Protein chains: 2
Amino acid sequence: MRDLLLGRARFKEFSASPERIPTNILSERLERLRGAGVVERIPAADGTKRLAYRLTRKGLGLGPIVAAVRDWGLKWEPGTKAAIAAAPRA
Amino acid sequence: MRDLLLGRARFKEFSASPERIPTNILSERLERLRGAGVVERIPAADGTKRLAYRLTRKGLGLGPIVAAVRDWGLKWEPGTKAAIAAAPRA
DNA sequence: CGGTATCCACATTGATACTG
DNA sequence: CAGTATCAATGTGGATACCG
């Protein structure tokens with residue numbers, strides 16, 4: 001979800017993230033997110049026959065949750081680093 | 001977390017919630033939340049020797065996350081009902 | 001009342017190997 | 001590149017019984 005919210009779209013991009021998620025887990029999660037209507041498949045931007053993934057509106061709606069988790073971690077869990085820009089301090 | 005945010009404090013109150021959580025799971029979760037510094041034990045308000053649970057400041061900080069999840073559910077997941085008052089529509 | 005103790009079922013993750 | 005197939009390990013939840 002973090003990668004998708006950052007605009008990442010390709011299997012390989014998700015796979016390259018620091019978590020080093022195994023390909024089977026990544027594949028299964030993308031399918032489950034698709035089943036939940038949070039993610040959709042689209043043709044890749046580069047014109048090749050490859051696929052890409054993108055958040056639906058429902059998926060974009062998860063942004064505030066992810067942001068709230070990030071903010072909580074930054075405030076209360078030492079060592080938390082934000083991959084997505086933090087909300088400005090209120 | 002929802003019950004705690006609602007101000008519920010007693011083991012029995014959590015236990016009576018609609019999820020009908022088994023006592024072993026409830027007990028284990030309270031301990032884990034305590035270990036995470038999210039919940040603390042306090043003497044019960046009624047002066048008996050019983051215990052009660054309360055959110056720490058760190059735990060109260062989870063409120064915005066729970067609220068964001070609730071709002072997302074209300075908007076995107078049919079059948080979602082809010083146990084905590086929903087944020088006013090922006 | 002407020003828990004512990006068992007024990008089982010199932011979900012999730014992960015390592016690894018393989019394929020169109 | 002973008003997955004699928006296996007299989008083992010672990011985590012999580014739940015039913016149930018019991019106890020101070």
Side-chain angles (χ1 to χ4, degrees), chain A residues 1-56 58-59 62 65-66 69-70 72-73 77 79-81 83, chain B residues 1-56 58-59 62 65-66 69-70 72-73 77 79-81 83:
Chain A
M1 283 304 307
R2 179 205 59 209
D3 281 359
L4 285 160
L5 285 164
L6 284 169
R8 284 175 192 144
R10 299 281 298 279
F11 194 93
K12 184 186 167 185
E13 294 178 299
F14 307 137
S15 205
S17 281
E19 291 81 11
R20 311 313 333 260
I21 186 174
T23 58
N24 57 343
I25 306 295
L26 173 56
S27 179
E28 184 205 347
R29 277 194 202 165
L30 284 168
E31 279 316 292
R32 284 163 67 181
L33 289 169
R34 237 159 49 86
V38 161
V39 163
E40 61 189 346
R41 280 208 284 229
I42 54 170
D46 60 3
T48 64
K49 66 245 169 219
R50 303 215 193 96
L51 288 176
Y53 297 88
R54 171 172 69 183
L55 292 172
T56 60
K58 183 178 176 180
L62 291 167
I65 299 176
V66 174
V69 172
R70 174 206 58 208
W72 184 87
E77 289 291 335
T80 300
K81 283 170 178 58
Chain B
M1 283 306 306
R2 178 205 59 209
D3 282 358
L4 285 160
L5 286 165
L6 284 169
R8 285 175 192 143
R10 298 281 297 279
F11 194 94
K12 185 185 168 185
E13 294 178 298
F14 308 137
S15 205
S17 281
E19 292 82 10
R20 310 314 333 261
I21 186 174
T23 58
N24 57 342
I25 306 295
L26 173 55
S27 179
E28 183 203 348
R29 279 195 200 165
L30 284 167
E31 280 315 294
R32 283 163 68 181
L33 290 169
R34 238 158 48 86
V38 161
V39 163
E40 60 190 345
R41 280 208 285 231
I42 55 171
D46 60 3
T48 64
K49 67 241 170 226
R50 302 215 195 97
L51 289 177
Y53 297 87
R54 170 172 69 182
L55 292 171
T56 60
K58 183 178 177 180
L62 291 167
I65 299 176
V66 173
V69 172
R70 174 206 59 210
W72 184 87
E77 289 292 334
T80 300
K81 284 172 178 57

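Keep in mind the model is a prediction, meaning the values are calculated, not measured. In what follows, chains are A, B, ... by sequence order, proteins preceding strands, each numbered from 1.
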Novice: Between A/Ile21 (CD1) and C/dA15 (C1'), how many Å, whole number?
Specialist: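 Checked: the CD1 to C1' distance equals 13 Å.
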
Novice: Is there a side-chain contact between A/Leu4 and A/Phe14, using heavy atoms and a 4.5 Å cut-off?
Specialist: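 Yes; the side chains approach each other to less than 4.5 Å.
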
Novice: For B/Glu31 and C/dG3, give me the distance from atom CD to atom P, rounded to whole Å.
Specialist: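 From B/Glu31 CD to C/dG3 P: 8 Å.
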
Novice: Are OP1 or OP2 of C/dT4 and a side-chain N or O of B/Ser27 less than 4.0 angstrom apart?
Specialist: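 Checking B/Ser27 against C/dT4: at least one side-chain N or O falls below 4.0 Å of OP1 or OP2.
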
Novice: Heavy-atom nearest nucleotide on DNA chain C for B/Phe11 versus B/Asn24: which residue maps closer to 5'?
Specialist: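 First, find each residue's nearest nucleotide; the 5'-ward one identifies B/Phe11.
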
Novice: For the pair made of CD in A/Glu13 and P in D/dC1, what is the distance, rounded to whole Å?
Specialist: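 Taking atom P of D/dC1 as the reference, CD of A/Glu13 is at 12 Å.
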
Novice: Check whether any side-chain N or O of B/Trp72 sits under 3.5 Å from a backbone N or O of A/Lys58 as a donor-acceptor pair, and report yes or no.
Specialist: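 Confirmed, B/Trp72 side chain pairs with A/Lys58 backbone.
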
Novice: Would you mind reading off the distance between A/Leu30 atom CG and D/dC1 atom P, rounded to a whole angstrom?
Specialist: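 My rounded result for the distance is 16 Å.
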
Novice: Side chain of A/Glu28 only, please: which of D/dC1, C/dT13, D/dG14 is the nearest?
Specialist: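 Within the option list, the nearest is C/dT13.
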
Novice: Can you find a pair of side-chain heavy atoms, one from B/Met1 and one from B/Leu55, that are under 4.5 Å apart?
Specialist: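 Heavy-atom side-chain distance check passes, below 4.5 Å.
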
Novice: Please state how far atom CG in B/Leu26 lies from atom C1' in C/dC1, giving the value in whole angstrom units.
Specialist: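 Whole-Å distance recorded here is 13 Å.
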
Novice: Are any of B/Lys12's side-chain N or O atoms less than 4.0 Å away from OP1 or OP2 of C/dC1?
Specialist: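 It does, given that an N or O in the side chain of B/Lys12 lies less than 4.0 Å from OP1 or OP2 of C/dC1.
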
Novice: Would you say A/Arg29 reaches C/dT12's phosphate, i.e. side-chain N/O to OP1/OP2 under 4.0 Å?
Specialist: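 Looking at the OP1 and OP2 atoms of C/dT12, neither is under 4.0 Å from any side-chain N or O of A/Arg29.
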
Novice: Side chain of A/Arg41 only, heavy atoms from C-beta on: which candidate in D/dG3, D/dC1, C/dG2 is closest?
Specialist: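 So the nucleotide nearest the side chain must be D/dG3.
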
Novice: Under 4.0 Å between a side-chain N or O of A/Arg10 and OP1 or OP2 of D/dA2?
Specialist: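 Yes, such a contact exists.
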
Novice: How far apart are the C-alpha atoms of A/Glu31 and A/Arg41, what are their side-chain angles, what is the distance that settles it, and do they pass the salt bridge (Lys or Arg N to Asp or Glu O under 4.0 Å) test?
Specialist: CA-CA 10 Å; A/Glu31 279 316 292; A/Arg41 280 208 284 229; 3.8 Å; yes

Novice: Starting from C1' on C/dC1, measure out to CG on B/Leu51 and report it in whole angstrom.
Specialist: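 Taking atom C1' of C/dC1 as the reference, CG of B/Leu51 is at 11 Å.
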
Novice: Any idea which of D/dG3, C/dT4, D/dG13 is nearest the A/Tyr53 side chain?
Specialist: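 My answer, after comparing the listed nucleotides, is D/dG3.
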
Novice: Output the rounded distance in Å from CD (A/Glu19) to P (C/dT12).
Specialist: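 Atom CD in A/Glu19 sits about 18 Å away from atom P in C/dT12.
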
Novice: May I have the distance from B/Arg20 (atom CZ) to D/dT16 (atom P), rounded to whole angstrom?
Specialist: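 To the nearest whole Å, that distance equals 13 Å.
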
Novice: Could you please name the option among D/dA15, C/dG3, C/dA15 that lies closest to any side-chain atom of A/Pro22?
Specialist: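 Selected nucleotide (nearest to the side chain): C/dA15.
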
Novice: Should A/Glu19 and A/Arg2 count as an ion pair when the cut-off is N to O under 4.0 Å?
Specialist: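 Salt bridge present between A/Glu19 and A/Arg2.
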
Novice: Within the structure shown, what part of the strands sits under 4.0 Å from B/Phe14 by heavy-atom distance: base, sugar-phosphate, or nothing?
Specialist: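 Since no nucleic acid heavy atom lies under 4.0 Å of B/Phe14, the category is nothing.
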
Novice: Across the strands shown, which category fits A/Arg32 at heavy-atom distances under 4.0 angstrom: base, sugar-phosphate, nothing?
Specialist: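 Sugar-phosphate, backbone atoms only, no base.
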
